[in-house]
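To find a chain, count down the sequence lines: A is the first, B the second, and so on, and within it residues start at 1. What you see is a predicted model; the values in this text were computed from it and never measured.
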2 protein chains.
Amino acid sequence: MCAHTLINSFSIKIKFVVKTKKTTIQDIANYVNVSVGTVDRVIHNRGHVSTAKRKKIMEAIEILDFNPNFLASTLALGKQYRICSLLPRPSSTQGYWTLPKDGIEQTAADYKDYGITHHSFDYDPFEESSYSKKTLAVLEMQPDGVILAPLFEEESILFIKKLEEKKIPYIFIDAFIPNQKNLCYIGPDLKGSGYVAGKLMSSILNSQDDILILNLVKGLENSHLGIIEKGFREFFDSTNNKGSRKIKSITIPSIKKEDITIELTKYHIKNPGTKGVFVTNSRASLIAHYHFLHELPVKMIGFDMLQDNILEMKNGNIDFLISQRPYFQGAMAVKTLFHYFVYKKIPPKIQYVPLDIIIDQNLDYYINFKEPGTANLVQE
Amino acid sequence: MCAHTLINSFSIKIKFVVKTKKTTIQDIANYVNVSVGTVDRVIHNRGHVSTAKRKKIMEAIEILDFNPNFLASTLALGKQYRICSLLPRPSSTQGYWTLPKDGIEQTAADYKDYGITHHSFDYDPFEESSYSKKTLAVLEMQPDGVILAPLFEEESILFIKKLEEKKIPYIFIDAFIPNQKNLCYIGPDLKGSGYVAGKLMSSILNSQDDILILNLVKGLENSHLGIIEKGFREFFDSTNNKGSRKIKSITIPSIKKEDITIELTKYHIKNPGTKGVFVTNSRASLIAHYHFLHELPVKMIGFDMLQDNILEMKNGNIDFLISQRPYFQGAMAVKTLFHYFVYKKIPPKIQYVPLDIIIDQNLDYYINFKEPGTANLVQE
DNA sequence: AAAAAAAATGTGTGGGCACACAAATTTTGT
DNA sequence: ACAAAATTTGTGTGCCCACACATTTTTTTT
């Protein structure tokens with residue numbers, strides 16, 4: 001048996017010898033003169049193989065560079081993995097939460113042939129009871145893995161407990177609860193995003209310009225805005241970046257135009273030195289519009305590439321947006337679960353996404369950016 | 001035959017009916033009472049099917065929501081696709097060109113089971129003859145698709161001609177030659193990156209500060225730096241961003257420390273008002289170091305997250321880096337070719353990558369950023 | 001109406017792997 | 001030394017699809 005029959009190969013013009021096909025378990029079996037069953041047993045550590053042959057087979061695997069064909073493997077196994085996601089209901093068809101959701105759904109669709117099925121659940125981000133109800137619905141599905149954005153901490157911990165009882169792995173995206181047994185967290189480093197905002201703000205203001213940190217919170221919304229503010233302030237405290245400026249923060253517990261107008265007007269009259277406003281969530285567009293209407297030359301930094309923010313940025317009313325790859329967070333969560341299911345691969349506990357800095361001039365590249373072949377390609 | 005046997009399903013606590021497995025051609029065949037062969041003929045438009053059955057089958061495909069199992073399909077087809085890439089040889093193990101190369105190689109490895117094989121070729125970016133030689137080597141491999149970074153225009157056009165004769169599709173990454181029959185271009189919008197740099201520079205300088213545009217070019221290197229400079233200047237020209245400042249550009253035809261020191265010193269003495277330097281390629285670190293040594297308080301913008309640039313940024317000597325996702329460019333090129341091979345999917349002719357704005361504060365997130373399961377997972 | 005030609009339909013194999021089960025081999029017990 | 005038990009090894013079927021080839025049915029011809 002010569003090398004040519006062992007390793008399928010052919011040569012092109014003398015120079016190259018190209019291995020065209022992957023080696024299969026059959027190749028290994030032929031090489032060692034055993035049956036594919038024995039090779040299979042070695043590969044999967046199923047035992048029932050004499051040490052002598054075991055050794056020979058393992059050598060052959062090395063020599064012939066065998067890697068199992070993943071396609072054939074999943075096909076033969078025919079396992080099914082059910083993923084459930086539990087995210088806040090988007091405020092509109094273009095709301096922030098559509099993006100992680102799309103990321104999850106499209107990626108799940110991409111992995112359909114690998115046995116991944118996915119079921120979306122959403123909850124009213126202003127109603128804890130809605131959340132609790134949906135957690136039960138998720139559990140009823142008996143998922144193999146869960147992706148969730150835990151806005152409500154208490155209820156989430158109850159939910160998590162139940163998942164742990166049933167040994168269902170779960171991934172936090174966008175936000176997380178510390179000290180839990182989550183498979184991992186995929187999302188922004190909140191403090192870091194405050195730092196980034198701080199740096200950007202300081203780079204476009206003069207050292208004496210005052211800054212307003214604005215928390216626009218409807219109802220009892222998420223507490224993690226505090227961390228962003230902390231990061232923002234820390235940037236100015238840490239180095240000698242503070243200058244002589246004042247940095248104040250206010251919280252407006254509403255996202256209604258009228259409420260905002262009243263509060264902001266009050267503030268700006270009292271603090272005429274304010275030249276920069278940092279909105280700690282994705283609602284910068286509301287403020288930007290206010291500044292535009294009142295012709296206030298104020299620099300603005302906010303979060304997320306939402307339609308409204310994009311518009312205000314193009315109009316020159318927002319200077320920087322920080323984006324945390326919401327689509328990708330969802331996509332990555334699905335991929336991570338998949339690799340966990342299939343390869344038992346444990347991901348890093350914390351996977352911070354890049355904090356993309358968006359300005360008018362690079363905005364379009366982010367908007368038009370599409371990966372090739374995300375789903376919908378299956379039809380001919 | 002009841003619904004349960006037609007669509008494999010089971011119910012959980014009355015409420016949900018979950019389709020667990022995908023429907024197969026066998027399901028379709030059973031449904032219409034024909035053999036799988038006939039179904040197959042319809043799916044692939046092979047003809048030889050009576051119109052009556054054809055219609056029925058197509059209906060069944062709709063009703064049962066049939067999508068061919070991509071895994072089984074590729075397994076059965078067993079096609080092999082050979083991709084060759086032709087990139088400049090990296091200047092070091094951490095040189096810029098390692099990144100697109102890694103992107104290509106890792107992605108190709110991911111797609112190994114799908115029949116993708118890949119062969120890397122690199123050329124000396126300072127020697128046209130090296131390039132020509134390597135183009136021949138690529139052709140000898142008889143690839144099914146080519147990924148290339150066409151630094152040398154003339155030689156590239158000759159190469160491309162030959163590829164077209166053999167009907168081998170090719171993708172430009174990082175740089176491109178206009179008006180060719182390339183499958184697509186994946187890379188930065190050069191002019192746009194000039195714009196971005198312009199905006200960033202203007203945002204951190206005072207309106208009277210002078211700016212130097214620096215082209216650090218070894219030998220007859222790429223001409224497209226001119227486009228970046230053009231974009232940069234256009235930004236200042238277009239709006240009222242120019243102020244009273246002077247914007248000059250010089251080209252230093254060397255990357256040797258001594259040469260740079262001489263030229264820069266000459267320049268700074270003549271132009272003491274220079275407060276910002278924009279380096280139009282990835283060699284900003286050289287200049288940053290010079291400024292550091294000479295204690296010049298100059299703002300700096302450059303390209304690419306190379307080790308040296310990262311270091312200078314962390315030391316505070318570079319303010320902004322613009323990164324054009326080099327790894328991703330390679331990864332995307334492979335994916336695009338794959339989808340073209342398999343689905344005959346024609347990608348958009350131009351796919352601009354996002355221009356990431358890197359500052360000290362978000363740098364680490366980009367560095368640590370890894371997709372799950374890029375290759376190397378295959379081993380257990 | 002029977003034979004020949006054409007069209008429609010069915011069957012079988014292979015792709016690489018996983019796993020259950022059958023067969024062969026070795027070890028143990030008496 | 002021989003049966004029984006334990007272990008090792010081989011075989012066959014299925015996963016889903018693609019495609020070549022065999023078979024059946026329909027149409028055409030004389």
Please determine if K22(B) and D65(B) form a salt bridge, counting it only when a charged side-chain N lies under 4.0 Å from a carboxylate O.
-> no
Rounded to the nearest angstrom, tell me the gap between atom NZ in K112(A) and atom P in dC16(D).
-> 14 Å
K22(B) side-chain N/O to dC16(D) phosphate OP1/OP2 under 4.0 Å = no
Bounds of contact between DNA chain C and chain A, in 5' to 3' order, using a heavy-atom cut-off under 4.0 Å = dG16(C) to dC19(C)
Y185(A) and Y352(A) aromatic ring geometry - parallel, tilted or perpendicular at 30°/60° bounds | perpendicular
Atom NE2 of H44(B) to atom C1' of dC19(D): distance rounded to whole Å?
-> 9 Å
Less than 4.5 Å apart, any side-chain heavy atom of F159(B) and any of V138(B)?
-> yes
Using a cut-off of 4.0 Å on non-hydrogen atoms, how would the nucleic acid contact of L75(A) be classed: base, sugar-phosphate, or nothing?
-> base
Starting from the 5' end of DNA chain D, give me the residue, A76(A) or G47(A), whose nearest nucleotide shows up first.
-> G47(A)
Which pair of non-hydrogen atoms, one from Q329(B) and one from I186(B), has the smallest distance, and what is that distance?
-> OE1-O, 3.4 Å
Starting at atom CG of D40(B), determine the distance to atom C1' of dA18(D), rounded to an integer number of angstrom.
-> 6 Å
Given atom CD of Q26(A) and atom P of dG10(D), what is their separation to the nearest angstrom?
-> 11 Å
Look at the side-chain N and O atoms of H48(A) and state whether any lies under 4.0 Å from the OP1 or OP2 oxygen of dT9(D).
-> no
Send over the distance from K56(A) NZ to dT8(D) C1', rounded to a whole Å.
-> 15 Å
Could you pick out which residue, S73(B) or V36(B), lies toward the 5' side of DNA chain C when each is mapped onto its nearest nucleotide?
-> V36(B)
For atom CD1 of I28(B) and atom P of dA18(D), their distance in whole Å = 13 Å
State, without any angle test, whether S85(B) and H118(B) hold a side-chain donor-acceptor pair at a distance under 3.5 Å.
-> yes
Taking all heavy atoms of L183(B) and all of P169(B), pick out the closest pair and write down the distance.
-> CD2-CB, 4.4 Å
Rounding to 10 degrees, work out the angle separating the end axes of the helix from dA1(C)-dT30(D) to dT30(C)-dA1(D) (five pairs an end).
-> 50°
NA contact type, G37(B), heavy-atom cut-off 4.0 Å: base, sugar-phosphate, or nothing?
-> base
When you measure from the centre of the six-membered ring of F369(A), is the NZ or CZ of R325(B) under 6.0 Å away and within 45° of the axis?
-> yes
Are I171(B) and N182(B) side-chain neighbours, meaning at least one heavy-atom pair lies under 4.5 Å?
-> no
How many Å lie between CZ on R41(A) and C1' on dT7(D), as a whole number?
-> 11 Å
Where does the angle between the aromatic ring planes of F70(B) and Y343(B) fall among parallel (under 30°), tilted (30 to 60°) and perpendicular (over 60°)?
-> parallel
Specify whether Y111(A) and F338(A) have parallel, tilted or perpendicular ring planes, treating 30° as the upper limit for parallel and 60° as the lower limit for perpendicular.
-> tilted
Starting from the 5' end of DNA chain C, give me the residue, S50(B) or A72(B), whose nearest nucleotide shows up first.
-> S50(B)
To the nearest Å, give me how far apart CZ (F66(B)) and C1' (dA18(D)) are.
-> 11 Å
